[in-house]
Participant: 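Input: one structure, supplied below.
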Amino acid sequence: MPTLNDILIMLPEFYLVAAACLLLLLDAFMKPEQRPVLHWLSIAVLLVGAYLLVMGQPPQSVTAFGGMFVRDETSEILKVFALLTTVLVMVYARPYLIDRKLLIGEFYTLMIFAVIGIMLLVSAGNLVIVYLGLELLSLSSYALVALNRDAKLPSEAAIKYFVLGALASGMLLYGMSMVYGASGMGGTPSLDLAQLHNVMSYTTAPTLLLFGLIFMIVGIGFKLGAAPFHMWIPDVYQGAPTPVTTFIASGSKLAAFGMAYRLLDAGMGDLSHHWQLMLAVLAVLSLAIGNLVAIVQTNLKRMLAYSTISHMGYLLLGLSAAGPEGYAAAMFYAICYALMGVAAFGVMLALSRAGFECEEIADFKGLNQRSPWMAFLMLLAMFSLAGVPPLFGFWAKVLVLEAAIHADMLWLAIVGIVFAIVGLYYYLYVIKVMYFDKPAEGSTLQVQSDKPLRVVLSLNALSLLVLGLYWGPLLGWCRRAFGL
Amino acid sequence: MFNHLLSLLIWLPVAGAIPVLLAGAPRPNLARWLSLLVAVLTFVVSLFLLVQYHPDAGGMQLTESYLWIASWGVHYSLAADGISVALILMTTFVGILVIAGAWEVIQDKPHQYMAAMLMLEGLLIGVFCATDALLFYALFEAILIPMFILIGIWGGPRRVYATLKFFIYTFFGSVFMLIALLYLYQKAHTFDLATLAALPLTMKEQTWVFFAFLIAFAIKVPMVPVHTWLPDAHVEAPTGGSVVLAAVMLKVGTYGMLRFILPIVPDAGAHFAWLIILLSLIAIVYIGYVALVQEDMKKLVAYSSVAHMGFVTLGIFIAFALVREQGSTDMALLGMQGAMIQMISHGFVSGAMFTCIGVLYDRLHTRQIKDYGGVINVMPWFGFFYVLFAMANCGLPGTSGFVGEFMVILASFAANPWIALFAAFTLIIGAAYTLWLVKRVLWGDITNSHVAEMKEINGRETFVLVSFAAAVLALGIWPQPLVHLMDSSVSQLVQQLAIHKI
C-alpha cells in the first residue's frame with residue numbers, strides 16, 4: 001500500500017500530473033481568444049513544480065513505493081534544470097507559435113507530460129519505471145514534433161522519429177528482459193535497479209547478461225543520439241517546429257543522461273569494465289560523425305543537430321569514466337549543453353517570424369549590422385558550444401576530459417580534444433556569417449518584439465558567460481550529488 | 001587599490017569596454033574618447049607597478065589569490081615578477097597607441113573596434129600575471145576571441161580566410177597544452193604553477209608534456225615551421241590588430257615558455273634545446289631571406305617578426321645549453337636577459353613598423369612596395385620616423401633592437417661559435433631587407449602620381465610615432481632600468497634551469 005510518505009516524496013510529480021490534466025480540461029472549455037492565458041499558466045505550473053522540488057528536497061536520498069522511485073540529489077538537479085529549460089523553451093516559443101497559429105493547449109500539456117516523463121526517468125529505481133518514463137517522454141515528443149500536422153516536413157520527421165524510437169524502445173525492453181532473466185538465475189528475479197547487482201549472476205549467465213547490457217546500451221545510445229544510433233537526430237531537428245527542437249535538444253538530453261546513469265551505474269555497475277569500452281566506442285563515433293558532418297551543413301538546425309551528436313560524444317566521455325568523477329562531469333556537461341542549446345535555438349526563434357523560418361545559416365548574414373545584441377548573444381552561444389574559454393562550454397569540456405584522463409583513458413581525451421578543433425570550424429563559420437558578411441540583398445531580418453523573449457534570452461545567453469566565469473558552485477552541486 | 005593592482009589592471013579595460021560598447025554606433029566620438037580614457041587610465045595604473053614592485057627582492061610579488069573553484073582547487077591567483085611587469089607596461093603603453101592610431105581610420109562600427117581592443121588588452125595583461133595554470137590557459141585562449149573579431153570585421157579582402165586560419169591554428173596548438181595540464185593535475189592535484197614546478201616527473205612524462213607545451217607556444221611565437229598563420233593574419237588585420245599581434249600577442253608564446261617549459265619540464269627542455277636552437281636559427285636565417293623577397297610591406301615586416309622572435313627563443317634555450325652543458329651561469333644569464341630585452345624591444349619596433357605601414361596604407365590603400373617610391377619628398381617627417389624604426393628593426397646600435405640581439409649573440413658564442421655565426425647573419429639579412437624596403441618606399445623619384453598627393457602625418461599620427469620613437473631610443477640608449485627591473489627575475493629563472501627533476 002502506498003503510504004502518505006510515498007506520496008509526499010513524489011509530490012512534485014503528482015502535482016504536475018494533476019496540473020497538466022487541469023490545463024487540458026481548461027483548454028477544452030476555454031474560448032479561443034482566451035487561449036493565450038494557457039501560456040502563462042503553464043509557465044507558472046512548471047515554476048511551482050520547481051519550487052516544490054527545491055523546497056521539499058529531503059536531506060538525503062529516499063525511495064518511495066518500495067524502491068520504484070528514487071529521490072536523490074542527482075534526480076533533483078536534473079529535474080530542476082529540466083523544468084527550468086522547459087520554461088525557457090515556452091517563453092521563447094510564444095511569438096513563434098502565435099505567428100504560426102500553433103498556440104494551442106496541446107503544445108503546453110504535451111510539454112508538461114514530457115517533463116513528467118523526464119522526472120520519472122531520472123528518478124527511476126526500477127526497470128519498469130525507466131521504461132514508463134521513457135515512453136511518456138517519447139510519445140509526448142513524437143506528438144510535439146507533429147504539432148504542425150498540415151506541414152509535410154514535420155509529419156515526415158514525426159513518423160521517422162516514431163518508427164526509430166519505437167525500435168529503440170523495443171531494443172531497450174528486450175535488453176531489460178534479458179537482464180531480468182539473468183537476475184533470476186542467481187536467486188529471486190528482480191526488476192529493482194538497486195537489487196539487481198545482488199541477484200545478478202555474472203558467473204552463471206554471462207552471455208545473457210552481456211547481451212542484455214548491449215541491448216540496453218542501444219536504447220540509451222538512441223535516446224542520447226549517439227552515433228551510430230543518431231540517424232533520427234538531423235531529420236527530427238530540422239523537421240520539428242523550432243520550439244520542439246529546442247526542447248528535444250535540452251530537457252531530453254538531461255533525461256537521457258539520467259537514464260544512462262540509472263541503468264548503467266545503479267543497475268549494471270558491476271559490469272562497468274564491459275560498458276566502459278562500449279561507451280568509449282560510441283563516444284569516438286559520435287565525436288567523429290557529429291563534427292565532420294556538421295561542417296558541410298547549410299541549415300543551422302541541421303548543423304546543430306550534428307553538433308548535438310558530437311556533444312553527446314563528450315557527455316559519453318564522462319560517463320565512460322564510470323566513476324563519481326565522471327558522472328559529475330557528464331551531468332555538468334548535460335546541464336551545460338541544455339543551456340547552450342536553448343540559447344542557440346532561442347536566437348533562431350527570436351529571428352523567425354510569420355512566413356519566415358530563420359534556420360538557414362545564410363539567414364544570419366550581417367546580423368551584427370541589423371541587431372548587434374542578438375548577434376552577440378549568438379556569439380556567446382557559439383563560442384560556448386565550441387568550447388572556447390571563458391565561456392561555460394569550455395569548462396564542461398575540461399571536466400569530461402579530466403574525467404577521462406582520471407579513468408586512465410588518455411587516448412579518449414586526446415580523441416575528444418582533436419575533434420574539438422574540428423568542431424571549432426563550423427561554430428566559427430556561424431560567427432563569420434553574422435559578423436563578417438554584409439546583409440544579403442533584400443533581407444529583412446527582424447527581431448521579435450516580444451519583451452519576455454528578449455529579456456529571458458539575454459539572461460540565458462549571458463548566463464553562459466557568467467557561469468563560465470564562476471562555475472564552482474554548480475560543479476560543487478554536481479559533485480555532491482555523486483558523493484564527492 | 002594596491003592590494004589588487006593586477007586585478008584592477010585586468011578588469012579595468014575589460015569592464016571599460018562595456019560603456020564603450022553601450023556608447024554605441026550613434027555616438028562614435030563618445031566611444032572613441034571613452035576608450036582612450038580607459039586606455040590612458042590603465043596605463044597610469046600600470047605605472048604604479050613600478051612603485052609597488054621591488055626589483056631587488058625578485059620573485060613573485062603583488063600576489064593575489066582567491067579560491068575560484070573549490071572542488072578542483074583552482075585559484076584565481078595573480079602575481080608579477082620583473083618580466084611580467086615589463087610586459088604589462090609594454091601592453092598598456094601599446095594599448096593607448098593602438099586606440100589613438102585607430103581614431104578616424106576605423107569608420108565602420110568604431111565602438112565595437114575599440115571595445116574589442118580594450119578587452120584584448122585586459123586579457124593580455126591577465127596572461128602576463130596569471131600564476132594558476134588553468135587561469136592562464138583560459139586567458140590564453142580567450143584572447144583569440146577579440147582578435148578573431150578584429151581581423152574578421154576590419155581586416156583586408158582575405159580577412160575571413162586569415163582570421164579562421166589564425167583562430168583554428170592557434171586553438172589547435174593550445175588544446176594539447178590543456179591535455180598536458182590535466183595530466184599534471186592528476187599528479188599534483190593543483191594547477192598552481194609553483195607547485196607544478198616542484199612536481200617530480202620522469203623523463204618520458206617530461207618529454208610528452210614538453211612537446212604538448214611546445215606546440216602551444218611555438219605556434220603562438222611563432223616558430224618555424226608553424227609560423228604560416230602569421231603572415232596571413234598580419235596582412236589582413238587592421239593596423240591596430242597587427243600592432244597588438246606583433247607587439248604583445250607573440251610575446252605570450254615566449255612568456256609561456258618561461259612560465260611552463262622552464263620550470264615544469266626542465267630536463268626535457270634541456271634535452272631538446274638543440275631542436276629549439278636549430279628552429280630558431282632557421283627562423284633567423286631562412287625567414288630573413290623569405291622577408292627579403294616579399295612585395296607586400298606588411299608581409300615583409302611579419303616575416304621579420306618571425307626572424308626577430310627567433311632571437312628570443314634562441315636566447316632562452318641557449319641558456320639551457322649553457323647551464324646544463326657548460327655550467328656557465330653568467331653567460332646563460334646574458335642570453336636570457338638578451339631574450340627578455342629582445343621581447344620588449346621587438347614589441348616597440350614591430351608595433352612602430354606596422355603603424356608606419358598603416359599610415360601609408362591609409363593614404364594610398366595599397367601595401368605593395370612597388371606602388372610607393374619617393375615618399376620622403378612629400379612626407380619628410382614621416383620619412384624621419386620610418387628610417388628610425390627601420391634602423392631599430394635591423395639592430396643599429398643606439399636603438400633598442402641592438403641590445404637584445406647583441407646579448408643573445410654573445411651568449412651563443414659562448415655556447416658554440418657556429419650558432420653565433422648563424423645568429424649574426426641577421427645583422428646582414430635584417431639590414432638587407434629593411435634598408436631595401438626603405439629604399440624602395442622612401443627614396444627615389446615619385447613614380448606614382450598618387451604618391452605626390454600624399455599628405456604629411458597629422459598631429460595624432462605624430463603623437464603615436466613619437467611615442468614609439470621615444471620608447472625605441474630610450475631602450476637603446478639606456479637599457480639599464482629595464483635590465484634592472486628584470487634582473488633578479490631572470491637570474492632566478494636561470495637558477496631554475498640547473499635543477500634536475502628526475
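These values consider heavy atoms only, across backbone and side chains, with no hydrogens, waters or symmetry-generated copies. Quick caveat: nothing in here was measured; it's all calculated off a predicted structure.
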Participant: Quick check for you: among B:Tyr185, B:Phe167, B:Phe172, B:Tyr183, which has the greatest number of heavy-atom pairs under 4.5 Å with chain A?
Facilitator: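 Answer, by heavy-atom pair count under 4.5 Å with chain A: B:Phe167.
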Participant: In terms of side-chain heavy atoms, does B:Tyr113 have a donor or acceptor partner in B:Ser35 at a distance below 3.5 Å?
Facilitator: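 No pair is found: no donor N or O on one side chain lies under 3.5 Å from an acceptor on the other.
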Participant: For residues A:Phe364 and A:Tyr429, establish whether the separation of their ring centroids is below 6.0 Å.
Facilitator: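 Centroid separation for A:Phe364 and A:Tyr429: 6.0 Å or greater.
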Participant: Taking side chain as everything from C-beta outward and backbone as N, CA, C, O, which of these in B:Phe176 sits under 4.5 Å from a heavy atom of chain A? Side chain, backbone, both or neither.
Facilitator: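 For B:Phe176, the contact with chain A is made by the side chain alone.
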Participant: Below 4.5 Å, heavy-atom pairs only: which of B:Leu21, B:Ile145, B:Ile149 has the largest tally toward chain A?
Facilitator: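 Answer, by heavy-atom pair count under 4.5 Å with chain A: B:Ile145.
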Participant: If we define contacts as heavy-atom pairs under 4.5 Å, which of B:Leu178, B:Leu144, B:Val175 has the most with chain A?
Facilitator: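 Among B:Leu178, B:Leu144, B:Val175, the one with the most close pairs to chain A is B:Val175.
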Participant: If I measure from the heavy atoms of chain A, does B:Leu181 come under 4.5 Å with its side chain, its backbone, both, or neither?
Facilitator: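 Neither the backbone nor the side chain of B:Leu181 comes within 4.5 Å of chain A.
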Participant: Compute the centroid of each ring, for B:Phe140 and then for B:Phe217, and state whether the two points are separated by less than 6.0 Å.
Facilitator: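 Under 6.0 Å, so yes.
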Participant: Using non-hydrogen atoms only, which part of B:Glu141 is less than 4.5 Å away from chain A: side chain, backbone, both, or neither?
Facilitator: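 It is both, since atoms from each part get that close.
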Participant: Of the listed residues (A:Val418, A:Leu484, A:Leu379, A:Leu469), which shares the most heavy-atom pairs with chain B below a 4.5 Å separation?
Facilitator: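 Result: the option with the highest number of such pairs is A:Leu469.
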Participant: Please check if the distance between the ring centroids of B:Tyr76 and A:Tyr470 is under 6.0 Å.
Facilitator: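 They do not qualify: ring centres at least 6.0 Å apart.
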Participant: Is the gap between the ring centers of B:Phe148 and A:Phe436 under 6.0 Å?
Facilitator: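 Yes, they do, as the ring centres are separated by less than 6.0 Å.
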Participant: Please identify which of these residues, A:Trp395, A:Trp477, A:Phe394, meets the ring-ring contact (aromatic ring centres under 6.0 Å, His included) condition with A:Trp471.
Facilitator: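 Single ring-ring contact (aromatic ring centres under 6.0 Å, His included) partner of A:Trp471 among A:Trp395, A:Trp477, A:Phe394: A:Trp395.
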Participant: With a 4.5 Å cut-off on heavy-atom pairs, point out which of A:Asp437, A:Ile421, A:Ile414 contacts chain B the most.
Facilitator: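 Maximum pair count with chain B is reached by A:Ile421.
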